[in-house]
Amino acid sequence: MELEKLLSHREPMDMPDPLFPIKLHRTHANEYGSLLFNHHWHEHIEFLFFIEGEAMIECNSERLYVSAGDLVVLNSTDLHHGINLSDNLFYFAVIADPSLLHSRSVDAVEMKYITPITQNRISFQNKITNDPEINSCIRSLIEEYEKREYGYELAVKSDLYRLLSILLRKYIVRLLKPNEYELRRKNLERFDPIYEYIEENYQSKIMVEDLAKQVNMSRFYFCRLFKEITNKTISEYVNFVRINKSEYLLRNTSMSISEIALATGFNDIYYFSRLFKTYKKVSPSKIRRNPGEM
């Protein structure tokens with residue numbers, strides 16, 4: 001596949017109201033093992049608030065297992081994807097453009113907090129569990145946005161500032177220098193076509209040399225940078241994609257285990273079974289017998 005034909009993993013983010021750049025999605029999913037969203041990243045800050053069910057959100061290669069009441073904070077340039085782990089999943093996604101937070105004048109708030117957040121020099125903990133302040137704030141924001149009563153923009157923006165103040169006090173995990181953030185953003189953009197290529201060609205044999213050529217890197221430098229960004233080697237990442245695809249097929253089709261192994265790029269069913277158990281802590285046959293279990 002030609003490089004220019006590959007889609008970017010930098011997610012475009014059109015806002016319904018350019019003058020008030022924040023939006024809210026309600027997401028329902030009822031197929032266990034289904035993909036909620038492919039690997040992607042964006043420059044906006046996003047909050048996933050889970051109301052019902054369970055899911056796995058992988059963020060910068062860390063797997064976050066979430067359930068009702070959990071909040072996932074996706075910082076700008078966090079590489080993430082999600083998989084449904086229940087028969088009845090419901091969550092809200094709140095996406096805010098950093099420009100919404102800026103004030104017209106340069107004051108202490110702008111310099112100390114808003115500018116570092118919008119430049120991703122301040123990053124927050126990704127998973128937050130059982131924090132009543134956080135939950136009250138995000139619920140208020142969602143309610144105001146959905147009701148859209150007179151003055152809702154003011155209330156939503158107020159809730160967003162309140163949410164950020166709690167995160168700043170309790171959940172900062174990283175402070176980046178401006179050049180570190182810019183380097184990460186450029187590297188993510190450079191690897192966009194690689195993630196897409198693997199997603200579209202996981203059934204086939206994938207050669208590291210071919211991937212390195214797509215982004216004009218040496219094999220050594222490509223492997224080192226890929227591991228630095230994803231915390232996985234190429235083979236680990238490809239196998240991760242294949243195993244997740246196979247789990248979906250096990251839970252939602254009548255294909256045999258051998259057929260699923262072949263369909264997801266494994267020529268050896270015994271190797272497939274061993275690898276599946278390594279990743280999922282359960283055998284493929286057990287999932288086939290008990291599709292509701294992990």
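Keep in mind that this is a model prediction, so the values were computed, not measured.
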Under 6.0 Å between the ring centres of Tyr237 and His39? yes

Check the pair Arg190 / Met217 against side chain to side chain contact (heavy atoms under 4.5 Å, CB included), numbers first and verdict last. CA-CA 10 Å; Arg190 197 171 184 183; Met217 293 183 188; 3.1 Å; yes

Leu79 and Cys59, any side-chain heavy atoms less than 4.5 Å apart: no

All heavy atoms of Val208 vs all of Cys223, minimum pair found to be CG1-SG, 3.5 Å

Regarding Arg26 and Glu146, does a basic nitrogen lie under 4.0 Å from an acidic carboxylate oxygen? yes

Residue list, ring pair (Phe, Tyr, Trp, His ring centres under 6.0 Å) with His25, at least two apart or on another chain: none

Ignoring hydrogens and geometry, is there a side-chain-to-backbone donor-acceptor pair from Asn135 to Gly69 under 3.5 Å? yes

Pair Glu31, Tyr248: side-chain N/O donor-acceptor within cut-off below 3.5 Å: yes

With side chains defined as the heavy atoms from C-beta onward, is the minimum distance between Glu46 and His80 less than 4.5 Å? yes

Aromatic contact, Tyr145 with Phe92 (centres under 6.0 Å): no

Has Arg169 got more than 12 heavy atoms of other residues, nucleotides or ligands less than 6.0 Å from its CZ? no

His40 side chain to Asn38 backbone, donor-acceptor under 3.5 Å: yes

NE2 on His44 to NE2 on His42, rounded to 0.5 Å: 8.0 Å

Quick check: does any side chain N or O of Ser136 sit under 3.5 Å from a backbone N or O of Pro132, one acting as donor and the other as acceptor? no

Side-chain atoms of residues 265-274: list all donor-acceptor pairs with protein atoms under 3.5 Å, sequence neighbours left out, distances to 0.1 Å.
{"residue": "Asp268", "atom": "OD1", "partner": "Tyr270", "partner atom": "N", "Å": "2.9"}
{"residue": "Asp268", "atom": "OD1", "partner": "Tyr271", "partner atom": "N", "Å": "3.3"}
{"residue": "Ser273", "atom": "OG", "partner": "Ile269", "partner atom": "O", "Å": "3.0"}

Flag the pair Phe20 / Ile22 as yes when at least one side-chain heavy-atom distance between them is below 4.5 Å, and no otherwise. yes

Atom pair CG/CG of Leu211 and Asn201 - distance to nearest 0.5 Å: 9.5 Å

If the threshold is 4.0 Å, N to carboxylate O, is there a salt bridge linking Asp97 and Lys23? no

Under the side chain to side chain contact (heavy atoms under 4.5 Å, CB included) criterion, do Thr233 and Phe226 qualify, and how do the steps go? CA-CA 7 Å; Thr233 65; Phe226 188 90; over 6 Å; no

Main chain of Pro193, side chain of Glu196: is a donor-acceptor contact present, judged purely on distance under 3.5 Å? no

Atom pair CD1/CZ of Ile260 and Phe276 - distance to nearest 0.5 Å: 8.5 Å

As an exercise, state the distance from CD of Gln214 to CG of Asn216, rounded to the nearest 0.5 Å. 10.0 Å

Rounded to the nearest 0.5 angstrom, the CE-CD1 distance for Met56 and Ile83 is 4.0 Å

Could you go step by step and tell me if Phe49 and Val94 meet the side chain to side chain contact (heavy atoms under 4.5 Å, CB included) rule? CA-CA 8 Å; Phe49 186 54; Val94 178; over 6 Å; no

Is the side chain of Asp78 donor-acceptor paired with the backbone N or O of Asn75 at a distance under 3.5 Å, no angle test? yes

If we ignore hydrogens and angles and just use 3.5 Å, is the side chain of Glu259 paired with the main-chain N or O of Ser256 as donor and acceptor? yes

According to a hydrophobic-cluster definition based on side-chain heavy atoms being under 4.5 Å apart (Ile, Leu, Val, Met, Phe, Trp, Tyr only), do Ile51 and Val73 belong together? yes

Looking at Leu141, Ile95, Leu160, which hits side chain to side chain contact (heavy atoms under 4.5 Å, CB included) with Phe47? Leu160

Can you confirm whether Asp192 sits close enough to Trp41 that some side-chain heavy atom of one is under 4.5 Å from a side-chain heavy atom of the other? yes

Side chains of Asp87 and Asn30 only: does a donor on one sit below 3.5 Å from an acceptor on the other? no

Residue set satisfying salt bridge (Lys or Arg N to Asp or Glu O under 4.0 Å) with Lys157, at least two apart, ordered chain then number -> none

Determine whether Tyr279 and Asn239 make a side-chain contact, defined as any pair of heavy atoms from C-beta on separated by less than 4.5 Å. yes

So, for Asn60 and Thr77, which heavy atoms are closest and what is the spacing to 0.1 Å? OD1-O, 4.2 Å

Heavy atoms only: give me the nearest Leu35-Glu199 pair and the separation to one decimal. CD2-OE2, 4.4 Å

Which heavy atom in Ile172 sits nearest to a heavy atom in Phe124, and how many Å separate them? CG1-CE2, 4.0 Å

With sequence neighbours excluded, tell me which residues meet ring pair (Phe, Tyr, Trp, His ring centres under 6.0 Å) with Tyr202. none

Measure the shortest side-chain to side-chain distance between Ile142 and Glu144 over non-hydrogen atoms and say whether it is less than 4.5 angstrom. no

Same cluster (ILVMFWY, side-chain, under 4.5 Å), Leu262 and Val238: no

For Lys213, look at atom NZ and say whether over 12 heavy atoms of other residues, nucleotides or ligands are found less than 6.0 Å away. no

Is the distance between the ring centroids of His81 and Phe240 less than 6.0 Å? yes

Ignoring hydrogens and geometry, is there a side-chain-to-backbone donor-acceptor pair from Ser86 to Glu54 under 3.5 Å? yes

What's the shortest heavy-atom distance between Asp159 and Ser140, and which atoms? OD2-OG, 2.8 Å

Is there a donor-acceptor pair under 3.5 Å between the side chain of Asp70 and the backbone N or O of Ser67? yes

Using a strict threshold of under 4.0 Å (side-chain N to carboxylate O), is an ion pair present between Arg162 and Glu133? yes

Kindly compute the distance separating CZ (Arg251) from CG (Asn84), expressed to the nearest 0.5 Å. 10.0 Å

With heavy-atom distances below 4.5 Å as the criterion, would you say the side chains of Phe191 and Leu225 are in contact? yes

Residues forming a side-chain contact (heavy atoms from CB on, under 4.5 Å) with Glu209, sequence neighbours excluded: Met207, Arg219

Is the closest basic N to carboxylate O distance between Arg139 and Glu143 below 4.0 Å? no

For Leu74, the hydrophobic cluster (side chain heavy atoms closer than 4.5 Å, chained through members) also holds Leu36, Phe37, Leu48, Phe50, Ile57, Leu64, Val66, Val72, Leu89, Tyr91

Is there a side-chain contact between Glu247 and Lys280 in this structure, where contact means two heavy atoms from C-beta onward sitting under 4.5 Å apart? yes

